[in-house]
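Step one of this worksheet: look at the structure below.
The analysis underlying the following values was restricted to heavy atoms, covering all of them including side chains, and did not include hydrogens, waters or symmetry mates.
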Amino acid sequence: MRDSRSRTFVRLTFANPASLVYLGLVAAAALPLVFASATADNSFAAVWMLLITAPTSMLLLLPDFADGDSVLATAYFLAALSLAALIQSFLLGLIYWGLRGNLAQQARTTT
């Protein structure tokens with residue numbers, strides 16, 4: 001029985017060790033963003049999140065549609081970071097699946 005496309009996407013994004021470790025790092029990096037409103041200095045709250053989601057988030061943050069510190073700008077920023085984390089988690093799942101498939105294929109041919 002073949003998986004549907006959405007089930008395959010979910011499996012590659014969330015159900016492999018590489019993606020789970022990456023999403024755990026993203027969740028840990030998001031903690032300063034959650035608690036930034038409770039502290040007086042929240043200027044560097046998003047730095048770790050930007051660094052962990054760096055290649056994809058920089059591309060998604062290029063078109064800055066909202067100016068200043070508006071609610072729209074904040075929502076766009078958080079949505080871009082979340083989407084970047086999901087895209088990178090999916091790509092890590094593809095890499096893990098590809099490497100695991102190649103290793104299994106090599107094991108079958110050598111035995």
Side-chain angles (χ1 to χ4, degrees):
M1 185 168 157
R2 295 188 53 104
D3 289 338
S4 67
R5 288 184 184 184
S6 61
R7 188 171 179 172
T8 302
F9 174 76
V10 169
R11 185 173 40 88
L12 287 174
T13 306
F14 300 108
N16 61 67
S19 294
L20 288 177
V21 169
Y22 175 73
L23 290 175
L25 286 173
V26 170
L31 288 177
L33 283 175
V34 172
F35 297 113
S37 61
T39 62
D41 184 26
N42 58 5
S43 59
F44 288 107
V47 170
W48 287 108
M49 189 75 169
L50 281 170
L51 288 175
I52 289 177
T53 61
T56 311
S57 65
M58 296 303 169
L59 289 174
L60 292 176
L61 291 174
L62 280 176
D64 190 17
F65 295 118
D67 295 331
D69 291 329
S70 66
V71 175
L72 183 62
T74 304
Y76 177 73
F77 179 74
L78 293 176
L81 289 179
S82 301
L83 183 63
L86 288 176
I87 289 171
Q88 289 188 176
S89 177
F90 175 74
L91 293 175
L92 278 172
L94 279 176
I95 292 169
Y96 178 79
W97 176 73
L99 289 176
R100 198 181 89 192
N102 287 340
L103 290 175
Q105 188 178 31
Q106 287 176 357
R108 279 188 296 223
T109 58
T110 58
T111 58

How would you list, by chain and number, every residue that makes a ring pair (Phe, Tyr, Trp, His ring centres under 6.0 Å) with Phe90, sequence neighbours excluded? Phe9
Which side-chain N or O atoms in residues 77-87 pair as donor and acceptor under 3.5 Å with protein atoms at least two apart or in another chain?
| residue | atom | partner | partner atom | Å |
| --- | --- | --- | --- | --- |
| Ser82 | OG | Leu78 | O | 2.9 |

Given the rule that I, L, V, M, F, W and Y join up when any side-chain heavy atoms are under 4.5 Å apart, are Leu20 and Leu99 in one cluster? no
Looking at Thr56 and Gln88, would you say the former's side chain and the latter's main chain have a donor-acceptor pair under 3.5 Å? no
What pairs with Thr13 under side-chain hydrogen bond (donor to acceptor under 3.5 Å, both in side chains), at least two apart in sequence or on another chain? none
Rounded distance (nearest 0.5 Å) linking atom OG of Ser6 with atom CZ of Arg11: 11.0 Å
Leu12 vs Trp97 side-chain heavy atoms within contact, under 4.5 Å: yes
Should side-chain heavy atoms under 4.5 Å link Ile, Leu, Val, Met, Phe, Trp and Tyr, which residues sit in the same cluster as Leu59? Leu62
Qualifying residues under side chain to side chain contact (heavy atoms under 4.5 Å, CB included), relative to Ala29, sequence neighbours excluded: Trp48, Met49, Ile52
In terms of hydrophobic clusters joined by side-chain contacts under 4.5 Å, are Met58 and Leu33 together? yes
Looking at Pro32 and Ala28, what are the two nearest heavy atoms and their distance? CD-O, 3.7 Å
Are Ser19 and Asn16 close enough that some pair of their side-chain heavy atoms sits under 4.5 Å apart? yes
Side chains of Leu61 and Leu50 in contact at under 4.5 Å (non-hydrogen atoms): yes
Tyr96: what forms a ring pair (Phe, Tyr, Trp, His ring centres under 6.0 Å) with it, not counting sequence neighbours? none
